[in-house]
Amino acid sequence: MKDAAPQTIYLSDYTPPAFLVDSVHLTFRLDPEKTRVISKVDFRPNPQAKSRAFSLHGEGPALQWARIDGRDVTPEITETGLTCEVPDAPFTWEAEVEINPAANTALEGLYTSNGMYCTQCEAEGFRRITYYPDRPDVMAPFTVRIEGSDPVLLSNGNPLNSGPGWAEWHDPWPKPAYLFALVAGDLRAHEGSFTTRSGHEVALNVWVRPDDIGKCAFAMESLKKSMQWDEDKYGREYDLDVFNIVAVDDFNMGAMENKGLNIFNSSVVLASPETSTDATFERIEAIIAHEYFHNWTGNRITCRDWFQLCLKEGLTVFRDAQFTADMRSAPVKRIGDVIDLRARQFREDSGPLAHPVRPDSFVEINNFYTATVYEKGAEVIGMLKTLVGDEAYFRALDLYFDRHDGQACTIEDWLKVFEDATGRDLSQFKRWYSQAGTPRLSVEEEFADGTYTLTFEQHTPPTPGQPDKAPQVIPIAVGLLGPNGDEVQPTTVLEMTQARQSFTFDGLGARPVPSILRGFSAPVTVTRDSSTNERAFLLAHDTDPFNRWEAGRDLARETLMRMAQHGGAPDRGYLDALAAVLRDDTLDPAFRALALRQPGQDDIARALHEAGHTPDPEAIFHAADRFGAALAEHLKDTLHALYTAMDVPGPYRPDADDAGRRDLQNAALALKTRLDGGAAARTQFAAAGNMTQQLGALSSLMAQGLGDAENTAFAEQWHDDRLVMDRWFALQVAHARLEEAPKTAAQMTARSDFNLKNPNRFRAVFGALAGNAGGFHAASGAGYELLADWLIRLDPINPQTTARMCAAFQTWPRYDADRQARIKAALHRIQNAPSLSRDTAEMVARILGD
Ligand code: 0A1
Ligand code: ZN
C-alpha cells in the first residue's frame, strides 16, 4: 500500500463528495488477528456533486464480499480503496472485511495495546478498518454492534443494548469517520456524573486497566470542571447520556476527541501525587479540557477537509488556554504558552518546515498536526478577539454555533461569522492563515514637545514556496511608563496594517519607557535597541506581568547570546533586578520561577541564526552553564531564604498555588545544587513526599553530574511503573553532557525495558536526545547518526511517530558546514531506507528542501 507513488493533495482541488451517507451500521466480530467488520451504509447522491463516480477509501482491509441493495457486486480494488458501479439513486451498500489488529503497530485504525482493542481514526485511519468515504465532509449517524469476549465493549454515543459477549451503541449526532471509536478490554471505570444546566444527567467514566483505577480521580474532576466551564463561558452543553474516557498505553499522540468516547494516552490521564509531577497534573487538566471542548469545536462543527484543520485545533487550543487561565493564573499560563510557542512554532516557522496555519498542499496529513496549525492557529484567534473585543468575540461565536451546527466548515465560514457579527472586513487579516513565517517588528521612537511617536516596521522573511510577503494586521498592545515607574498610558491596542506605520501619544510630561506587545498580543518577534537599564526598569516596574517577565527574558537571551560568542559574564544590572524580583513576596511564586528559568539553548541558537550568526551548540552549552553558575553565585543568599520559604505545609494538592511554590523551590534548588555539592537536593530526595519533589531533586543533582545513588534508587523504586520510568529514561538523556548524550541514549536502547513499539518510551529517549541541544548537535555527529539509525528501524513499525521525530533535523540550515553535511547525510540515509513510508518520505524531503 505504502509503495503507491506519493501524491500531493491541494486545497484548490477540493470537490464535494459524490455521495452522502444517511446512516451507518457496523458490526465488529473481534479477534486479535482476524477481526471481521460488517458494514451497512445508506448512500444517496449528493445534489452538490459534479460527478456520480462511486469510490470508497480503504487501505488494508481484506474484502470478503460486497452487496448493493442486497445483490452481490464485485468492486474494483485499488491500492487506496475501491470503485464500483452504483445506481443513480439512493442505495444500501453492505460489505464484510477482515483486518488484523494485533499486527497493527502503526497505531492507526483498530489495534491492540496490552491486550485491549482500541482505535485511532484521525486523520485517515478509518480506511484501515473498512471501506468507506473517509473524509470529514461526509457525516452520518453511526450504530455499532461489538461482539467479543472482553468484559467492556465501548463505542461512540449512547449504549443501546448489551448482553454476554456483545454490546450495541448508537450515536445520533452525524459525524465524520475520523471521530469513530471502539474500545474493548478488561477495564475498570472510575465513575462520576454531571447534570447539565438544562437538567440532563450525564454518566461519566474514566476507563483504565484494573491496576490504574486509583489514578483517575484528578481526570474526573478535570472533566467536570471542563463541562461546567464550557456551559458558563461559551453556553455549550453536552449532548449525550454518557461521556467515556479511556486510557491506553500505546498511542501516537496525546489524546483524541472521538464523539462521546475520548481516547487518551495513559500519560495524560493517570495521576497520583507519588507518580506525577505538578506539571503533569496541569497538563492532564488542560488535555481533558481540550478534548472535551472539541465536542463543539470539532465534532458538532467539523472541518470540510483536512486543510481546515486549524478551524478545530486553533480554536480548541485557544479555548483550553482560556480555561487554564481561568482555573489557574492567567499571566503564568500566558508566559508558559509563549515559551512553548517560541520553542516549537517559531522554530518551525524559521526553517524548511515552515507552512501556513492553513496549508495549501500536503502529501500525508498526519505530518500537519504541527505547532503552526495548533499553537499559531490559537494565536490567530487570540488576535481576532483582541481586535474585535470580548463582547463581539462571544457574539461571533454564538453566531458560529447557530449557523454551522452539524456542518463541515472552512476558514472562510469562520471569518464570515466575524465579519457578519462585527461589520469588519477581515480580508487582510486572513493573511494570517495563508502566509507562513514569523513577522519581525522593528521599533523606532521619537519624543518632542510632549508627543511620543512609535514607528513600527514589519517584515516577514521568505519561507518555502513564499518568497514575498504582504503586510499583515498586527494588534500591538502598548502601555507607557513614566520615569518613576507609574503607568502614564494604560494598555491600548494599536492596529498595524501597513509595512511601516507610526502612532503618537500626546500630552506627556517626560519621555516615557514603552512596554510593547503586552500580553504577547501577536506572534511576532520584536527588535528594538534598548539598554540594560531600561529592561531592568521594566523588569522592576512594568504593570503588564507578561512584559515584566519578557524584560528579564530579553536580558537573559541577549546575555546568553553574547556569552556564547564572546565569553564574559551576565552583567550586574540584570542580576540585581532578577534578585529583586525573586525577593518580592508580593509576586506569585510561579511567576518568580518563570523569571528564574533560562531561555532554552535551542532558542539561543535560533536567535543567533536570526541575527546573522552561526550558532555553536557547544559554546551555547558552556555559556548556559556559566550563566547558571553566575546566577547561583550572585543569588546565593536569596536562594537559601527562598528555598525554605517555599515549603508547602499540609497534604499535597495539585492546585496552582501549591504547584507554584514547589516550582520556585525546585528552581532555587537547581541553583543551590551548584553551590552545596548536592546536599540540599539529597535531603529533598530522601524526604520527598511527592513526584514533583523527588524528580526536582534528582534532576538538580543530575544536572551537576551528581546523584548516582539517587538515580539508581529511583529506577529501583519505580521499575514497575511505565510512566514514571518514561521520565527516568528521558532524564538520563536530558542531563548527559555533549558527546555523552548520544552514548547514553544508545545505552538506554540496549535495556530490556526499552520498547520500540511503545511511542512513549521511544519519545522518552529520542525526544530527550533531540531536546538536548548540546548533545544532539555534539560535534562528532553521533547524535544525528543514532537518531537516523533508530528512525530507520521505527519507520516500518510506526511511520507516524517516525515522521514526527524527523523534525529534530529541521534546524540544519542554522549550523556550520560540517554539521550541515552530517545532518544531511543522516537525512539521506533515512531517505534511502527500503520502502520508506509516505509519512517519513514527505518529512525528509521537506526538511531537505527537495
Ligand atoms: N485531534 C487530536 C489530536 C490527534 C491528532 C491526530 C492523531 O492521529 C493522527 C491523534 C490525535 C487533538 O487535537 O487532541
Ligand atoms: Zn485538538
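Atoms within each ligand, like the ligands themselves, are counted from 1 in listed order. What you see below is based on every heavy atom in this structure, not just the backbone, and it leaves out hydrogens, waters and symmetry mates.
Between the side chain of Asp349 and the backbone N or O of Ala354, no donor-acceptor pair lies under 3.5 Å.
Of the protein's heavy atoms, Glu122 O, 3.0 Å lies nearest to atom 8 (O) of ligand 1. In this structure, the protein non-hydrogen atom closest to atom 13 (O) of ligand 1 is Tyr374 OH, 2.7 Å. Protein heavy atom at the shortest distance from atom 14 (O) of ligand 1 is Glu291 OE2, 2.6 Å.
Set against the non-hydrogen atoms of Glu257, the atoms of ligand 1 under 4.0 Å away are 1 (N), 2 (C), 12 (C), 14 (O). Close contacts between ligand 1 and Ala255 involve ligand atoms 2 (C), 3 (C), 4 (C), 11 (C), 12 (C), 14 (O) [criterion: under 4.0 Å to a heavy atom]. The atoms of ligand 1 that sit less than 4.0 Å from any heavy atom of His290 are 12 (C), 13 (O), 14 (O). Annotation for ligand 1: atoms under 4.0 Å from non-hydrogen atoms of Gln800 are 8 (O), 9 (C).
At a heavy-atom cutoff of 4.0 Å, ligand 1 is contacted by the side chain of Lys312 but not by its backbone.
The aromatic ring centroids of Phe401 and Trp296 lie less than 6.0 Å from each other. For Phe142 and Trp173, the ring centers are positioned 6.0 Å apart or more. Between Phe394 and Tyr234, the distance separating the two ring centers is shorter than 6.0 angstrom.
Within the structure, the closest approach of Asn366 to ligand 1 falls below 4.0 Å when heavy atoms are considered. Not a single heavy atom of Glu108 sits under 4.0 Å from any atom of ligand 1.
Proximity of Leu315 to Trp414: side-chain heavy atoms (C-beta onward) are separated by under 4.5 Å at one or more points.
Checked by distance only, ligand 1 and Met256 stay at 3.5 Å or farther apart across all their nitrogen or oxygen atoms. For ligand 1, one of its N or O atoms has an N or O atom of Glu313 under 3.5 Å away.
If you look at Glu313 and ask which of its N, O or S atoms sits nearest the Zn ion (ligand 2), the answer is OE1.
Distance check for Glu257 against the Zn ion (ligand 2): none of its N/O/S atoms falls below 2.8 Å.
Within a 6.0 Å sphere centred on CZ of Arg283, other residues, nucleotides and ligands contribute 12 heavy atoms or fewer.
Under 3.5 Å, the side chains of His57 and Thr80 contain no donor-acceptor pair of N or O atoms.
In this structure, Phe418 and Tyr393 have tilted ring planes: the angle between them lies in the 30° to 60° band.
Exactly one residue among Asp398, Asp320, Asp326 makes a salt bridge (Lys or Arg N to Asp or Glu O under 4.0 Å) with Lys233. That residue is Asp326.
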